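Notes follow once the structure below has been shown.
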Amino acid sequence: MKKLNIGVIAHVDAGKTTLTENILFLGGVISKAGRVDKGDTTTDNLAVERRRGISVKAAATSFVADGVMYNLIDTPGHVDFVAEVERSLAVLDGVVLVVSAVEGLQSQTRVLMDTIRAFGIPAVIFINKVDRVGANPFGIATQVGQYMGRGYALTQYVDENGNILPLSNRELIEKNSALLDKDDELMSMYISDDEIPYELFIKKLCKYARRGAIYPVFFGSALYGIGCKELFDALPIFLPTQDYDTSGSFSAMVFKVDTGAAERLSYVRVFSGSISLREIIVHIDKEEKITRLGRLEGSKVVSCARLEAGDIGIVYLKSLKAGDIIGEIPPSAHKVALARPTMIIEAMAKQPEQRRVLYEALVQLSDEDPLLGLSSGKKVSLRLLGEVQKEIITELLSERFGIEVIFSEAQTVYMETPATEASSVAPIYKTVHFAAGAGFTVRPLPRGSGMKYTAKISLGELTRNFQNAVEEAVYETCKHGLYGWEITDCEVIFDYSDFDSVNGTPSAYRDLVPMVLVDAFTKSGMNLLEPYLDFELRIPPDAVSRGMYELSRMNARIEDTISAGEFVCITGDIPADACKNYGASVGAYTEGRGVWITRFKGYQDTVFADEKVNHDEINPAANKALYMMQKLGAV
């Protein structure tokens with residue numbers, strides 16, 4: 001059976017969950033499409049989701065229609081829960097991007113479109129809410145096309161009565177010159193005035209759409225089911241369905257962990273091979289036996305004996321966390337990074353005796369979302385994307401665990417990067433009392449490069465399980481630099497090793513690596529980086545002077561100022577630390593008419609200050625002697 005793993009993605013309130021309900025109805029999963037405002041949707045199954053009317057967690061369903069097995073993931077639209085979208089995009093074959101015909105290309109829509117284009121993810125675009133007052137379906141479609149570099153194809157039009165009709169053969173060709181530009185055969189026929197058969201045009205459109213080179217556009221109103229059948233029928237045509245070979249090595253990725261159920265559920269996408277009951281897998285240097293597997297029937301989980309390539313299913317292992325890889329690293333997974341937390345807050349239990357219970361609850365939530373970056377040194381802290389995420393965590397802690405929590409004022413999350421190239425070597429037993437020897441070179445990379453690890457030590461010098469321990473320790477160490485912040489835009493090169501064949505263990509390398517790396521970073525010197533946001537400020541003309549003054553006061557860099565109907569739209573970038581809670585201020589001085597939209601841009605150099613130090617754990621950067629005593633069992 002051909003399989004298709006698809007996701008529905010959108011800016012918040014674009015109608016994503018409502019469209020998902022229509023797809024599930026057309027796929028025979030439910031007898032009637034639910035409504036967000038009535039709290040009866042299939043994929044919004046958390047109480048907090050039904051109460052607030054927004055998706056917080058990705059939700060997976062599965063069904064078979066017309067000989068195709070669909071695995072469908074409904075993702076959150078709010079930017080504070082973009083981590084769920086990241087992990088979902090990593091396991092999908094294609095997506096349906098929902099765009100509002102009224103609001104148009106909103107900030108999160110642009111982020112998603114950038115991601116689709118950058119990673120070549122096949123997509124079908126659904127222009128929703130064409131029935132609404134103020135809808136501009138073709139205007140929005142044109143904006144989509146311009147933003148995507150003309151890589152879109154119209155398949156329908158909306159007449160003056162709001163009816164959605166297919167384009168004629170001639171209109172299909174005339175309105176989709178982007179496809180002609182991509183295909184020499186079609187362009188040659190067009191220039192020669194040869195008739196292009198409808199079937200040939202659709203075949204070519206299907207070919208380029210499945211490659212993620214062009215994006216078919218459909219129109220409709222998900223709330224009333226208009227246009228949803230045409231979209232549903234188009235999914236297996238324009239998105240890549242395939243039969244999978246299950247004979248290869250097993251490879252899977254965990255994209256969702258649910259710790260709130262009676263049993264801990266780890267949702268995986270299998271990329272290659274298969275896994276069966278009673279098989280042994282190796283995860284974090286530990287062999288574990290598969291005692292139970294699950295698959296989806298609609299939104300329900302049922303037991304099964306085997307999961308194969310192309311499947312989305314459930315593995316019952318308590319050690320798994322969201323983002324984990326099982327087996328071989330999947331070459332086809334999209335390594336998507338949409339945003340990173342820019343806030344860090346301390347979490348305290350209202351009742352002091354619940355401090356331990358609070359920490360254990362936060363461990364569960366961070367297994368579901370590793371970007372929370374749970375830290376438990378002198379204080380328990382979390383990293384967040386925004387205020388709404390903090391509110392949701394507060395409600396989850398109360399509802400699921402019965403804990404009332406107090407959060408400190410948010411602090412900005414900084415990062416570090418090496419200033420220059422530097423090296424450090426620790427020969428076995430010479431400089432520290434570990435049965436291991438290692439050496440590293442650290443090298444700065446351009447902004448936005450992230451972390452890169454390179455091993456120049458062959459497997460003949462150091463075997464795979466020891467090398468895995470070194471790599472894991474490198475990434476773990478780089479979570480806390482000399483100032484206590486995560487290290488980025490850096491290449492770490494493993495270029496020296498000693499090995500004790502009698503006493504050496506992987507854990508000895510895990511203990512040694514932080515010592516050597518911190519020494520290399522100390523020699524290099526570290527630059528501090530702060531997060532920047534792209535912003536869009538829409539305000540009435542009479543508030544422009546106030547807006548420009550405040551942007552200047554917050555050290556914003558203005559890129560463009562344009563008039564857009566009744567508003568003036570100002571765009572640019574701004575330090576994240578400078579504009580906390582500015583949205584509320586905009587609402588106040590514009591009497592609710594202004595809109596402040598931001599999205600994560602990246603990290604840029606900033607000036608070091610003592611108050612920006614964030615040491616909260618025992619590590620070599622904070623206290624080398626204390627770290628040594630801890631590892632040697634003295635403390």
Side-chain angles (χ1 to χ4, degrees), residues 1-9 23 65-72 89 91-99 112-127 141-142 144-157 166-219 227 229-245 271-272 309-310 331-334:
M1 182 180 294
K2 291 187 180 296
K3 299 173 184 177
L4 178 58
N5 294 293
I6 57 173
V8 184
I9 60 176
I23 293 174
D66 297 325
V68 177
M69 174 181 282
Y70 292 85
N71 293 310
L72 176 66
L89 287 176
V91 302
L92 295 172
D93 302 320
V95 298
V96 178
L97 173 63
V98 184
V99 182
L112 295 170
M113 292 167 75
D114 289 342
T115 304
I116 290 168
R117 190 169 50 180
F119 290 93
I121 301 172
V124 171
I125 296 169
F126 185 72
I127 308 293
T142 301
V144 169
Q146 291 172 344
Y147 197 86
M148 301 294 268
R150 294 185 69 248
Y152 77 115
L154 293 174
T155 60
Q156 305 168 317
Y157 73 97
L167 294 175
S168 67
N169 188 21
R170 182 179 181 83
E171 292 171 327
L172 194 65
I173 295 166
E174 289 178 348
K175 292 182 180 296
N176 291 309
S177 59
L179 181 58
L180 301 180
D181 294 340
K182 294 180 183 296
D183 192 89
D184 291 342
E185 181 183 2
L186 290 180
M187 180 59 80
S188 177
M189 295 176 70
Y190 182 75
I191 292 174
S192 303
D193 286 331
D194 294 338
E195 182 179 351
I196 301 176
Y198 177 83
E199 293 76 11
L200 176 63
F201 195 88
I202 294 298
K203 180 181 177 181
K204 294 286 189 178
L205 177 56
C206 173
K207 170 186 171 182
Y208 288 101
R210 289 185 169 207
R211 291 180 181 177
I214 202 161
Y215 311 100
V217 176
F218 292 81
F219 299 97
K229 179 66 165 63
E230 291 77 4
L231 173 72
F232 181 73
D233 292 341
L235 294 179
I237 298 173
F238 295 123
L239 297 180
T241 60
Q242 57 180 304
D243 294 306
Y244 287 86
D245 179 9
F271 285 92
S272 62
S332 57
H334 305 294

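For clarity, every value in this text was computed on a predicted model and none was experimentally measured.
Residue D243 places its CG atom among more than 12 non-hydrogen atoms of other residues, nucleotides or ligands, all under 6.0 Å distant.
For F219, the ring-ring contact (aromatic ring centres under 6.0 Å, His included) partners at least two apart in sequence or on another chain are F138. By the ring-ring contact (aromatic ring centres under 6.0 Å, His included) test, Y208 is found to be paired with no residue, residues two or more places apart in sequence or in another chain being considered.
We find the CG-CG distance between N5 and L239 to be 11.0 Å, quoted to the nearest 0.5 Å. Distance check: L4 CG to L235 CG gives 7.0 Å after rounding to the nearest 0.5 Å.
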(message) Is there a side-chain contact (heavy atoms from CB on, under 4.5 Å) between I116 and I9? Walk through the geometry before answering.
(response) CA-CA 11 Å; I116 290 168; I9 60 176; 4.0 Å; yes

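Of the possible donor and acceptor atoms, none in the side chain of T241 sits under 3.5 Å from a partner among the backbone N and O of K3. No donor-acceptor distance shorter than 3.5 angstrom exists from the side chain of D183 to the backbone of L179, with no hydrogens or angles considered. In terms of modelled atom types and a separation under 3.5 Å, the side chain of K182 and the main chain of G151 share no donor-acceptor contact.
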Just list the side-chain donor-acceptor pairs under 3.5 Å for residues 185-198, sequence neighbours left out, or say none.
{"unit_1": "E185", "atom_1": "OE1", "unit_2": "K204", "atom_2": "NZ", "d": "2.9"}
{"unit_1": "S192", "atom_1": "OG", "unit_2": "S188", "atom_2": "O", "d": "2.9"}

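The two residues R211 and P122 have their closest heavy-atom pair at C-CG, 4.4 Å.
A cation-pi arrangement is absent between R117 and Y215, since the terminal nitrogen or guanidinium carbon is not both under 6.0 Å from the aromatic centre and inside a 45° cone about the axis.
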